[in-house]
Structure formats: structure tokens, C-alpha cells
Amino acid sequence: MSIQETWTTLKLLSWTKEYLLSKGVSNARLEAEWLLCAATDLDRVGLYLQYEKPLNETELSKYRSMVTRRARREPLQHILGTQEFYGLEFEVSRDVLIPRHDTESLVEEAMKRCSGANTILDIGTGSGCIAICLKKMLKNAEVTASDISEAALAVAKRNAARHEVEIEYVCGSLFAPVNCRKFDLIISNPPYIPTPDIETLEEEVRDFDPHSALDGGNDGLDIYRKLIPESIEYLNPKGWLMLEIGIGQGSDVVEIFGKTDCFMKFFTAMDPGGIERVVGAQRKEIQ
Ligand code: GLN
């Protein structure tokens, strides 16, 4: 991008598309449009209406710095500061996992199977997306959300304020911050990527999502081996435990549930891409 040229919207978009493609960004044209929208405060229709309009210096320098960041494979969501999930917009930063659309299946299953839950615990809430969506829909439920990271909780709290919901936030590992309490639904999208696979992930994920939100130990199942048996003490009789899982982890996770002998009504559910993404079961009434 040289200073002398007149950079119209149209010219910038085609230049950026080629540039980002050369840096390995696959959705380059659309992403260029989003970045340009952010730099100019226009929406996409606005951009199209002003194809021939040159950008002013302020817009151009804002755009240039955003494109540079994206070319280094920083996720678009970090540059724009938000990600949409379940129809709501969430603030995101390097302190939290960017919410994935696959995780919407977990929220859907919770709504389908236990919309009568009065007490809900979301473990590892990150941006807060799961807890906040559930609270939005189940207005009378008391929702508690935990995370091991104070920085993540700060983001989650801002997201709860943004969506005007009241959620109890607690800091700590797994059940430590809710000792002696019981819930009708415990839900979590825990870290489940096998450690050796992390370096093979695309740069946006590998270099920018918090590793504590991704790394599930050698086979990816470490957290399920702790969370599932420990959850029994924190579930009301007939309370549900619903968990997101990674590709191919369904039967192993169901086995971990089964070994406890404390669960019934097992189910698995797929994400929109047809991948088994959710495993859940109901705590038996009598042990
Ligand atoms: N609960 C958050 C989400 O689903 C964060 C999950 C995590 O950090 N592993 O996006």
C-alpha cells in the first residue's frame, strides 16, 4: 500500500484479498471487507455503495494496522474484538477461547434436555458464552460460571453486563470454588486437544487461543477423567452433566461416564458438521 496512490474501497479490497491469501488466510476477500468496515465504520452495504470513495488518512492507517495484524495470522475476532455465538455478540481477547459455532450444539442439547434446571454450573466459562446464552433463555435459573483464569472471568463479566444477565462468577479449578454445592445441570466445554496435536493446529488457534483452554493432556481426555467422577458429588439426583468433546472422543468419554456407575440416560449429539460433539448423561437418583 503506497502513500501516493488513491486507495478506494474497491482497490483496497482486491489488494488486501491477494495479500491475505498469500499469507495463508483462506477467507481473504470477506475478511478484508470486515476489516474495512471496522476501519471506516461502515457496514458491508455501505462499503458497496462507496466503492469508488477514497479512504481518508485516519481510516487508511487504522486499516493498514489491522491488515498487518491479520497477515500475521492473528484471528479476525481478536482484531475486531468480538465473536457472534448463538445470536449474541461476545467480547473476545487473547485471554479467552474464541467461541466456536460447534459449541452451540452443547447449548442446544442443554435447552432440549433440561430447560427446567434451576441451578446451573458452567465450568471453564472463558468468554462466558455458554452460561450467558443459557441465562438469557432460562431466566429463572441461577447460573454459576467458573474459570481458572481471573483474566478470562473479567471478559466473561463484561459480556454478562453487555447482555444484561446476572451470573455468579467464581475463580478456581473444576469444583474447588463451589465446594459442597449441588446443581441440576453441570455443563462444560473443557480443553480436549491432545497435547501432541496442538502444534499442528492452524496458526490462529495455535498461536492466539489460550493453551489452557485447548490442551487436554496426552490423549486429550485428562480433564474428563477428573471432571466426570468428581461431578457426581456436585449433581442433584437426576441432574445432568453435559460436555463438549473433540473429534473421535465420544466412546472414550461415554466409557468414563460408565465406569462411575452413577449415570443413566447417556446421549451423544452432533455438531452442524456431523461430528459427534456433545456427550451427556443424567445422574442416577440413588447411589
Ligand atoms: N466455555 C467457553 C467456550 O465454550 C470456553 C471453553 C474453553 O476455554 N475451553 O467457548
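Indexing begins at 1, ligand by ligand and atom by atom, following the structure's order.
At least one test fails for R70 against the ring of W34: distance under 6.0 Å to the centre or angle within 45° of the axis. Taking the ring axis of F267 as reference, the NZ or CZ atom of R113 stays within 45° of it and closer than 6.0 Å to the ring centre.
Listed by atom number, the atoms of ligand 1 under 4.0 Å from I130 heavy atoms are 1 (N), 4 (O). If you number the atoms of ligand 1 from 1 as listed, the ones under 4.0 Å from a heavy atom of L97 come out as 6 (C), 7 (C), 8 (O), 10 (O). Those atoms of ligand 1 with a heavy atom of T103 less than 4.0 angstrom away are 4 (O).
Residue S127 has no N or O atom closer than 3.5 Å to an N or O atom of ligand 1. By the 3.5 Å distance cut-off applied to N or O atoms, A213 is counted among the residues near ligand 1. At a 3.5 angstrom cut-off on N or O pairs, T125 counts as close to ligand 1. No N or O atom of I98 sits closer than 3.5 Å to an N or O atom of ligand 1.
Of all heavy-atom pairs spanning F266 and A281, the tightest one is CD2-CB, 3.6 Å.
In terms of protein heavy-atom proximity, atom 9 (N) of ligand 1 is closest to N189 O, 2.8 Å. Scanning all protein heavy atoms for the shortest distance to atom 1 (N) of ligand 1 gives G124 O, 3.0 Å. Shortest contact from atom 10 (O) of ligand 1 to any protein heavy atom: C129 SG, 3.4 Å.
There is no side-chain donor-acceptor pair under 3.5 Å between T200 and D197. S14 and R29 form no side-chain donor-acceptor contact under 3.5 Å, judged by distance and modelled atom types alone. With hydrogens and angles left out, the side-chain atoms of S105 and D271 include no donor and acceptor closer than 3.5 Å.
Under the 4.5 Å side-chain criterion, counting only non-hydrogen atoms from C-beta, R64 is not in contact with V67.
Tested against I98 for a side-chain contact (heavy atoms from CB on, under 4.5 Å), the candidates V205, L76, T82, D209 yield a single pass: D209.
Neither the backbone nor the side chain of A152 comes within 4.0 Å of ligand 1, counting heavy atoms alone.
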